[in-house]
Amino acid sequence: MKDIKINEIIDYLRYMDALGFSDLPLPVPETLCNDEFCLIREVALKHLIEEIGDCKRCRLAKERTTIVFGEGNADASLMFIGEAPGADEDKQGRPFVGKAGQLLTNLIVKMGLRREDVYIANTVKCRPPENRKPSPDEITACNPFLRKQIEIIKPRVIMTLGDVATRTLLGEVGSITRVRGKVFELDDIAVVPTFHPSYLLRNASKKWDTWRDAQLVLKILEDEKKKHRDSN
Ligand code: URA
């Protein structure tokens with residue numbers, strides 16, 4: 001596959017539009033792309049990866065093995081945001097692939113979705129040593145990239161996983177125990193905080209709360225779909 005500049009795609013679309021084409025036969029995988037903007041989103045995410053480059057914007061660069069950018073469907077309606085990569089993620093360069101990741105994957109499947117349907121990212125893209133929490137300056141250094149990811153993907157709903165992700169997106173709204181299962185808004189996106197999967201591994205009974213939060217998310221997504229259908 002050849003890299004294409006976004007400006008080139010835009011010029012090409014304008015050119016085809018001027019020629020009178022309303023549809024284009026693009027080789028877009030149907031399972032991943034539901035609309036013509038999906039390909040543009042994937043390209044934009046690729047550009048963002050390039051912009052991050054071999055990042056040295058904070059001290060986490062020193063001990064990381066891999067930058068864990070995030071993964072999933074560029075066209076996802078649902079995005080999960082966790083705290084920071086752990087050891088497994090650092091090794092594999094993918095978010096949520098360790099034990100906590102398995103729990104998150106189970107939740108996604110229980111919601112009737114696949115990991116490939118959603119987008120998964122973290123507040124910071126590099127592993128904090130000893131799995132400590134990312135510090136405020138590390139979060140600040142990485143935040144513009146998370147914000148751009150959100151802007152590109154434009155999900156309908158974001159589930160923030162745990163205190164760190166919730167605070168990063170929403171500010172000081174309160175502890176996760178108080179705010180989980182509530183609906184907040186960020187740039188027209190519904191944000192539903194829930195417990196972090198690592199916390200659920202230690203507190204299995206709280207899984208029911210997270211399941212309730214996930215059902216709320218599914219209801220928001222369903223209502224959105226219905227609204228969209230009714231308006232067309
Ligand atoms: N915990 C996180 O917050 N993110 C990961 O990617 C893995 C574990």
Side-chain angles (χ1 to χ4, degrees), residues 45 48-49 52 55 57-61 63-74 76 78-111 113-150 153 155 157-170 173 175-177 179-180 186 191-204 206-207 209-211 213-214 217:
L45 288 174
L48 188 56
I49 293 174
I52 294 174
C55 187
R57 293 168 181 86
C58 82
R59 70 181 81 80
L60 295 183
E63 294 187 49
R64 68 147 190 259
T65 313
T66 327
I67 296 176
V68 182
F69 178 72
E71 69 178 20
N73 188 344
L78 174 58
M79 183 167 178
F80 291 91
I81 301 180
E83 186 176 306
D88 295 303
E89 291 78 18
D90 179 59
K91 248 185 250 150
Q92 295 186 40
R94 298 180 54 211
F96 282 99
V97 288
K99 273 200 190 129
Q102 188 53 56
L103 201 56
L104 178 62
T105 306
N106 291 347
L107 177 70
I108 292 167
V109 170
K110 217 168 158 207
M111 292 170 83
L113 301 164
R114 303 165 305 168
R115 268 179 81 110
E116 311 89 271
D117 296 323
V118 302
Y119 200 91
I120 306 174
N122 281 301
T123 51
V124 294
K125 306 204 178 305
C126 298
R127 181 193 182 202
E130 317 298 331
N131 291 349
R132 66 164 168 76
K133 283 196 185 302
S135 64
D137 60 320
E138 291 158 356
I139 293 173
T140 302
C142 219
N143 200 36
F145 301 111
L146 176 64
R147 291 300 174 132
K148 277 192 198 166
Q149 252 170 325
I150 295 171
I153 296 162
V157 185
I158 295 176
M159 269 191 112
T160 50
L161 306 172
D163 262 321
V164 173
T166 304
R167 221 178 309 120
T168 301
L169 250 68
L170 300 174
V173 284
S175 74
I176 191 69
T177 335
V179 299
R180 60 140 282 272
L186 176 80
V191 179
V192 180
T194 196
F195 292 121
H196 191 283
S198 301
Y199 174 80
L200 297 177
L201 286 173
R202 301 188 302 271
N203 299 274
K206 301 288 183 191
K207 283 182 191 172
D209 287 330
T210 287
W211 178 232
D213 304 342
V217 166

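Read the numbers this way: they start at 1 and go in the same order the structure lists the ligands and their atoms.
Listed by number with element, the atoms of ligand 1 under 4.0 angstrom from any heavy atom of G82 are 3 (O). Those atoms of ligand 1 that come under 4.0 Å of a heavy atom in E83, given as number and element, are 2 (C), 3 (O).
Take K133 and apply the side chain to side chain contact (heavy atoms under 4.5 Å, CB included) test, not counting sequence neighbours, and it matches E83, V164. Not counting sequence neighbours, the partners of D213 by the salt bridge (charged side-chain N to carboxylate O under 4.0 Å, His left out) test are R180.
Under 4.0 angstrom from ligand 1, the non-hydrogen atoms of A84 all belong to its backbone. Heavy atoms of E89 found under 4.0 angstrom from ligand 1 belong exclusively to the side chain.
Side-chain atoms of N106 and V109, non-hydrogen and from C-beta on, never get closer than 4.5 Å to each other. Inter-residue side-chain proximity for R64 and C55 is flagged as met; some heavy-atom pair is nearer than 4.5 Å.
Taking any N or O of H196, backbone or side chain, at least one lies under 3.5 Å from an N or O belonging to ligand 1. Residue contacts with ligand 1: F96 is placed with a nitrogen or oxygen under 3.5 Å of a nitrogen or oxygen of the ligand (distance criterion only).
Checked for salt-bridge contact, E116 and R114 meet the test: a charged N lies under 4.0 Å from a carboxylate O. The existence of a salt bridge linking E138 and R59 is confirmed by a sub-4.0 Å separation between a basic side-chain nitrogen and an acidic carboxylate oxygen.
Closest to atom 4 (N) of ligand 1 among all protein heavy atoms lies N122 OD1, 2.8 Å.
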